[in-house]
Every structure is written in C-alpha cells, then in structure tokens.
Amino acid sequence: MRTHREVRRQDHTTIRYTAGGPADGPALALVHGWGCDRGDFDAVTDHLPDTHRVLAIDLAEHGESRSTRDVWTMEEFARDVAAVLEAESVDTAVVAGHSLGGAVAVEVGRLLPDTVSHVVALDALHYLSLFPAMSDEQAEAFLRAFREDFAAGVRGLVEGGSPKGTDPALKDAYFTKMVAVRQPAGLRAMEGLVRWDMDTALRETKQPVTVFAVGDLLTQEAIDRYRDRFDLVRVDLGTHHFPVEAPEGTAKLLTSVLESVNS
C-alpha cells in the first residue's frame with residue numbers, strides 16, 4: 001500500500017512524495033526527470049518486491065511539489081531528496097534517478113555519503129551533449145534556444161531521446177507532458193543542469209554508480225570517457241523514458257542493484 005506524504009523545507013518549499021513498503025525494508029528512493037513527476041514510477045513500484053521500502057519523490061515545482069526558491073541547482077534538488085530521507089528516518093538507501101534525476105541522485109550520494117549505498121542513473125549521465133559541464137558560451141547557446149522557443153527546445157530533447165522508429169504518438173505524449181513544466185522553475189532547472197559540473201561531482205561521489213542506458217542512444221565516446229567511473233549497462237526497454245514504457249523490466253534492473261547491495 002502506498003501513502004502520499006509531504007515534507008516542508010525553507011523558502012516555502014513543500015516536497016510531496018509517495019511511500020510504500022515496510023518501514024524496515026531496504027530503501028529505494030526514486031527521482032524523476034526534468035518536466036516529469038513521481039507518477040512515472042507508479043507502475044515500476046508495483047513490480048518491485050514488497051519487502052522493499054520505496055520513496056518516489058516530486059522535486060520542487062514538479063508534480064505536486066511547490067517552491068518559491070531562487071536556487072535551482074542539482075545540489076538544491078538533492079536537498080529535496082535528502083529532506084524526504086530524513087523525514088522517513090532512512091539510515092541507508094539506494095537512490096535512482098531518471099534523466100535529470102540521475103544528476104540529482106549523484107548529488108544525493110555526494111551530500112549523504114553515509115546514507116546512500118549506491119547511485120543508479122536511468123538513461124542519464126551518458127549524454128555528452130548535456131551532462132558534462134559546458135563552457136559559458138556553450139551553455140548560453142543551449143539555453144538561448146529554450147528562451148527563444150521553449151517548445152522547440154523541448155521537442156529537441158524528446159527527439160534526442162527517441163531511437164529510430166519510435167512511435168510519433170509516443171513522442172508527442174512526452175512532449176506534451178514536458179512542455180507543460182512549471183515556470184520559471186523549468187527553465188531554471190535546465191540551466192542548473194547544463195551548468196552542473198558532473199565530472200567533479202562524480203569524483204567526489206564515493207558510492208558505486210550504475211547507469212542503465214538505452215543501447216541505441218549510448219555512444220562509444222561516452223563509454224570510453226566514463227567506463228572507469230561508472231558501470232554502464234546497455235538496456236533495450238524502449239526510449240529515454242523506458243521506466244514508463246517498461247516498468248516491469250525497469251523494476252528488475254532496480255531489484256538487481258538492491259539485491260547486490262543487500263546481499
């Protein structure tokens with residue numbers, strides 16, 4: 001049985017989340033991607049072992065969470081997650097994030113080295129055009145495209161995460177959801193992501209990091225660059241949004257990590 005809860009932070013920030021499973025079970029925190037929400041994990045949670053404690057979290061100004069804050073960095077999103085873990089008295093947890101949530105998961109690991117045992121990225125971190133820190137010129141060019149035509153920028157993200165042959169109706173559904181992200185937080189969160197220093201964060205994150213990447217979207221350049229820092233696992237479960245498209249398969253991936261951590 002899942003219950004809906006909330007925790008309050010400073011700057012009029014209310015983080016809402018869903019909790020399920022036994023309070024004393026192995027904990028898994030699930031963090032959605034940019035323009036998405038915790039509901040993306042509902043079906044995944046249904047396929048996880050009922051012995052596990054699962055917390056699916058809406059980041060600030062996503063889903064049902066609200067905030068008037070001015071800081072939209074990956075580090076600040078990590079504090080949203082940390083607030084939930086503290087409210088739930090979690091001693092140890094695996095933190096798994098999809099897309100932007102993968103960056104947040106890394107930051108949670110860096111913020112809570114004694115609590116987070118393993119970091120999981122669901123089709124995140126390996127996109128070299130998005131995740132590694134950009135120069136000021138590159139970041140401004142990227143963000144300018146969103147400022148000038150936000151819808152076109154979102155469409156580009158959806159297309160970039162869709163392997164050849166993806167159903168156009170599926171891409172349209174993701175576009176419709178993501179383009180409606182609350183503003184100004186949506187644009188500010190994107191700015192926070194492109195200015196995130198992933199390489200430094202990874203160096204300072206001591207936990208094992210596992211990346212489940214869509215095989216058709218994984219490049220050899222990314223493999224060569226990060227093979228020594230995180231474990232890259234190819235998956236064939238759909239598009240960039242495979243947790244929604246293949247919840248049972250995604251649950252099996254997450255369960256394999258949980259079992260390895262708790263064995």
Side-chain angles (χ1 to χ4, degrees), residues 5-11 13-19 21 25-34 36-38 40-41 44-45 48 52-63 65 67 69 71-126 131 133 185 189 192-193 195-212 226 229-231 243 253-254 257-258 260-262:
R5 303 176 185 175
E6 67 178 44
V7 62
R8 295 183 182 274
R9 299 190 58 219
Q10 60 186 7
D11 297 324
T13 297
T14 300
I15 302 301
R16 293 187 169 89
Y17 62 98
T18 302
L28 170 66
L30 297 171
V31 187
H32 61 78
W34 182 87
C36 301
D37 59 69
R38 74 185 194 269
D40 290 347
F41 293 112
V44 173
T45 302
L48 290 169
H52 291 69
R53 181 184 190 185
V54 183
L55 304 168
I57 302 160
D58 276 343
L59 299 173
E61 285 297 281
H62 288 74
S65 292
S67 179
R69 70 190 186 210
V71 179
W72 297 97
T73 61
M74 299 306 99
E75 295 90 337
E76 192 63 24
F77 279 134
R79 295 184 184 100
D80 292 340
V81 178
V84 172
L85 297 181
E86 181 180 3
E88 292 292 318
S89 300
V90 173
D91 294 324
T92 182
V94 171
V95 180
H98 168 246
S99 197
L100 172 143
V104 176
V106 170
E107 286 296 342
V108 178
R110 183 158 70 153
L111 179 66
L112 301 175
D114 297 326
T115 301
V116 178
S117 58
H118 202 111
V119 173
V120 177
L122 301 171
D123 208 48
L125 309 185
H126 65 90
F131 285 93
L193 179 59
R195 297 190 183 282
W196 181 52
D197 189 343
M198 182 172 78
D199 291 297
T200 296
L202 286 171
R203 283 195 299 270
E204 296 180 359
T205 301
K206 306 307 180 184
Q207 301 89 341
V209 179
T210 299
V211 176
F212 293 112
Y226 290 111
R229 183 55 196 94
F230 48 66
D231 184 20
L253 297 175
L254 294 170
V257 175
L258 288 166
S260 69
V261 169
N262 297 294

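No hydrogens, no waters, no symmetry mates; every other heavy atom, side chains included, goes into these values.
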* Between Glu107 and Trp196, do the side chains contain an N or O donor and an N or O acceptor separated by less than 3.5 Å? -> yes
* Counting only heavy atoms not in Glu204, do more than 12 fall under 6.0 Å of its CD? -> yes
* Asked: Where is the tightest heavy-atom contact between His32 and Ile57, given as atom of each residue plus distance?
  -> CD2-O, 3.1 Å
* Between Val257, Leu254, Leu55, Val261, which is the residue that forms a side chain to side chain contact (heavy atoms under 4.5 Å, CB included) with Leu28? -> Leu254
* **Short N-O contact, Arg110 and Glu75, less than 4.0 angstrom** => yes
* Asked: Just by modelled atom types, is the Leu59 backbone N or O under 3.5 Å from a matching donor or acceptor in the Asp80 side chain?
  -> no
With a 3.5 Å cut-off and sequence neighbours excluded, list the donor-acceptor pairs that the side chains of residues 94-101 form with protein atoms.
from  : atom 1 : to     : atom 2 : distance (Å)
His98 : NE2    : His240 : O      : 2.8
Ser99 : OG     : His240 : NE2    : 2.9

* Hey, does Ser117 have a side-chain heavy atom less than 4.5 Å from the side chain of Thr92? -> yes
* Any idea which heavy atoms bring Val90 and Arg53 closest together, and the distance? -> CG2-NH1, 3.7 Å
* Structure fact -> Smallest heavy-atom separation, Gly102 atom then Ala121 atom, equals CA-CB, 4.3 Å
* **Atom of Ala201, atom of Val106 and distance for their closest heavy-atom approach** => CB-CG1, 4.0 Å
* Compare every heavy atom of Pro243 with every heavy atom of Leu122, then report the nearest pair and how far apart it is. => CD1-CG, 4.1 Å
* Does the pair Glu76/Arg9 count as a salt bridge with the N-to-O cut at 4.0 Å? -> yes
* Asked: Ser65 side chain to Arg16 main-chain N or O, any donor-acceptor pair under 3.5 Å?
  -> yes
* Asked: Which heavy atom of Trp72 sits nearest a heavy atom of Ala185, and at what distance?
  -> CH2-CB, 3.6 Å
